[in-house]
Amino acid sequence: MALVACPRCNITPPQASACGIRCLLRAPRSAASRPPPWRLRRSRAMAVYEGWHSAAAGADTDGGAPAPHVPPSLLVFSGGTAFNGVVEELKKVTTRVAHVLPVSDDGGSTAEIVRVLGGPAVGDIRSRCLRLSDESTAEALSVRKLLGHRLPIDPSEAKLEWYQIVEGDHTLWEGVSRPYRETIRAFLVYFHSEILRRSAEMFCFTNGSIGNFFFAGARIFFQSLDAAIFLFSRVSQIPAESLVLPVISTNDRLTLGCELWDGTIIRGQNEISHPSNGRREIVNKDCNSCSTLPSRIKRVFYMSSEGSNLLHEVFPEVNHTVLEQLSKVDCIVYAMGSLFTSVCPSLVLRGIGETIASRSIPKVSNYAKTRLVCLVDVWLERCSEVASLKCTLYVK
């Protein structure tokens, strides 16, 4: 293959090593020598990785100066628990991460907040915000400890400790400066006042998360889930380039449902991932032993807050910011966690699949057995089929 001179310095081999940009330009390939289309697609997908690798290696630019290291930008589909263990290590690689989380959780203290106050579930969002929060100062650690605290299991002890926290007398406030204390406590007081206004519904503080209470108070006060996330992000000092995005931006209650292959309809995210047969109990997410479903899951979808059959299936709109991030990130990650209650609630929304399938970028999946990457790229890119399937995800 013929070698041509560098257009910038007009140096040809073998003197090309002296070129300021150190390049060897090859003559254009003939059509017969071009790689097949599938190799071209793979090359586009690998281009991002190669760019990261060269940046990390300090590739030279004009004048021989090392190129500035630009960390990759990622978008992660996950739930609020399993991927948390990776967040700390991921922050060492890049903080340019958009964390997309479902708002359909109905377990733990989140379920009690939704039952009494309504609105979307905030537990997964609070959990991720807390993991991303600053740990560089003593005050930051105190704030993180306060918002990550859970009340006792015993109802009377939980209520007593809650009153100590909301009145500012608890030892958890030690190390929190007055501006932070007044800001956090104001929304805890507002949350408590909203509970008292609904005297017909007795709120149970058992195992309650202080961060969930703060987040719920902020959401109700601003009447905006996005505003509550912004406030929480600033209070916990999350890096500005790290985004925590609800896959659906709403103030309404959302319920996740699934249809089994035997025709059974199950209502509620907690009943899908941790079947309890109607019993109200605290779920131990660190334990893998739980009841099994009577049949394999056929599809997942959203249901209205009323009713328990397919006639109550609804189709909420995806958060527009999620689509914007999907269109410009360098890599998409389907993170570890429950496939049907952590990842699928995001993928079933109209517009998600089409945007993912249109991007020729690396896509990383933890779900090798279900071949999730192939499923999303091949199945969801067929827009006509997406419309006919009513935006529900079938997994065989």
Side-chain angles (χ1 to χ4, degrees), residues 80 101 103 105-130 132-134 139-140 142-152 155-238 244-246 248-254 305:
L101 299 159
V103 288
D105 186 18
D106 57 358
S109 63
T110 301
E112 189 67 5
I113 294 173
V114 173
R115 182 184 71 84
V116 177
L117 301 178
V122 299
D124 289 346
I125 294 174
R126 182 270 314 163
S127 178
R128 185 58 47 81
C129 285
L130 211 58
L132 293 170
S133 62
D134 180 43
E139 182 176 36
S142 298
V143 172
R144 180 166 177 164
K145 181 179 179 181
L146 170 67
L147 297 178
H149 181 71
R150 284 192 175 273
L151 300 176
S156 59
E157 293 180 4
K159 190 172 184 178
L160 177 61
E161 185 173 11
W162 164 248
Y163 273 98
Q164 292 177 340
I165 293 174
V166 79
E167 291 173 0
D169 298 331
H170 200 281
T171 55
L172 285 170
W173 292 108
E174 295 178 0
V176 181
S177 64
R178 183 174 179 179
Y180 269 120
R181 177 192 293 255
E182 291 179 350
T183 301
I184 297 173
R185 186 165 170 253
F187 288 101
L188 294 180
V189 170
Y190 188 81
F191 170 78
H192 189 71
S193 67
E194 289 296 308
I195 292 175
L196 296 179
R197 287 178 56 194
R198 294 161 173 81
S199 57
E201 299 286 348
M202 295 298 297
F203 190 89
C204 180
F205 291 97
T206 296
N207 201 41
S209 166
I210 303 303
N212 282 357
F213 297 162
F214 171 81
F215 207 108
R219 183 197 62 80
I220 297 172
F221 178 82
F222 292 115
Q223 287 297 298
S224 169
L225 182 58
D226 293 324
I229 295 174
F230 177 81
L231 174 67
F232 198 107
S233 299
R234 291 300 176 265
V235 169
S236 55
Q237 299 184 30
I238 294 176
V244 179
L245 302 173
I248 303 171
S249 182
T250 180
N251 277 319
D252 299 325
R253 178 178 179 178
L254 290 173
S305 57

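Heavy atoms only: backbone and side chains are in, while hydrogens, waters and symmetry mates are out.
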For the student: nearest non-hydrogen atoms of [X] and [Y], plus distance:
{"X": "Gly148", "Y": "Leu130", "result": "CA-CD2, 3.2 Å"}
{"X": "Cys129", "Y": "Ser236", "result": "O-OG, 4.1 Å"}
{"X": "Ala218", "Y": "Leu231", "result": "CB-CD2, 3.8 Å"}
{"X": "Ile220", "Y": "Leu117", "result": "CD1-CD1, 3.6 Å"}
{"X": "Gly80", "Y": "Leu101", "result": "N-CD2, 4.3 Å"}

Kindly write out the residues that satisfy side-chain contact (heavy atoms from CB on, under 4.5 Å) with [X], not counting sequence neighbours, or none if the list is empty.
{"X": "Ala111", "result": "none"}
{"X": "Ser127", "result": "Asn84"}
{"X": "Ser142", "result": "Val176"}
{"X": "Ser193", "result": "Tyr190"}

Greater than 12 external heavy atoms within 6.0 Å of Tyr180's OH: yes
Positive for ring-ring contact (aromatic ring centres under 6.0 Å, His included) with His192, one of Phe214, Phe187, Tyr163: Tyr163
Partners meeting side-chain hydrogen bond (donor to acceptor under 3.5 Å, both in side chains) with Glu167 (sequence neighbours left out): none
side-chain hydrogen bond (donor to acceptor under 3.5 Å, both in side chains) partners of Glu182, counting only residues at least two apart: Arg178
For Phe203, ring-ring contact (aromatic ring centres under 6.0 Å, His included) partners two or more places apart: Phe191, Phe205, Phe213
Partner set under ring-ring contact (aromatic ring centres under 6.0 Å, His included) for Phe215, not counting sequence neighbours: Phe232
State whether the side chain of [X] and the backbone N or O of [Y] hold a donor-acceptor pair below 3.5 Å, judged by distance alone.
{"X": "Arg253", "Y": "Gly118", "result": "no"}
{"X": "Asp105", "Y": "Ala121", "result": "no"}
{"X": "Arg150", "Y": "Ile210", "result": "no"}

Summary of salt bridge (Lys or Arg N to Asp or Glu O under 4.0 Å) pairs that have at least one residue in residues 217-234, sequence neighbours excluded: none
Where at least one partner belongs to residues 196-212, residue pairs that pass salt bridge (Lys or Arg N to Asp or Glu O under 4.0 Å), sequence neighbours excluded: Arg115-Glu201, Glu194-Arg197, Glu194-Arg198
Set of salt bridge (Lys or Arg N to Asp or Glu O under 4.0 Å) partners for Arg144, sequence neighbours left out: Glu88, Glu135
Interatomic spacing from CG in Asn207 to CG in Leu151 - rounded to 0.5 Å: 8.0 Å
Candidate pair Asp124 and Val103, rule side-chain contact (heavy atoms from CB on, under 4.5 Å), full reasoning: CA-CA 7 Å; Asp124 289 346; Val103 288; over 6 Å; no
Taking distance alone, no hydrogens or angles, what donor-acceptor pairs closer than 3.5 Å link side-chain atoms of residues 168-175 to residues at least two apart or in another chain?
from	atom 1	to	atom 2	distance (Å)
His170	ND1	Leu172	N	3.0
His170	NE2	Glu161	OE2	2.9
Trp173	NE1	Ile165	O	2.9

Heavy atoms, side chains only, cut-off 4.5 Å: are [X] and [Y] in contact?
{"X": "Val122", "Y": "Ile229", "result": "no"}
{"X": "Thr110", "Y": "Asn212", "result": "yes"}
{"X": "Pro120", "Y": "Leu225", "result": "yes"}

Stepwise side-chain contact (heavy atoms from CB on, under 4.5 Å) test for Ile184 and Arg181: CA-CA 5 Å; Ile184 297 173; Arg181 177 192 293 255; over 6 Å; no
Criterion side-chain contact (heavy atoms from CB on, under 4.5 Å) on Glu112 and Val116, from CA distance to verdict: CA-CA 6 Å; Glu112 189 67 5; Val116 177; 4.2 Å; yes
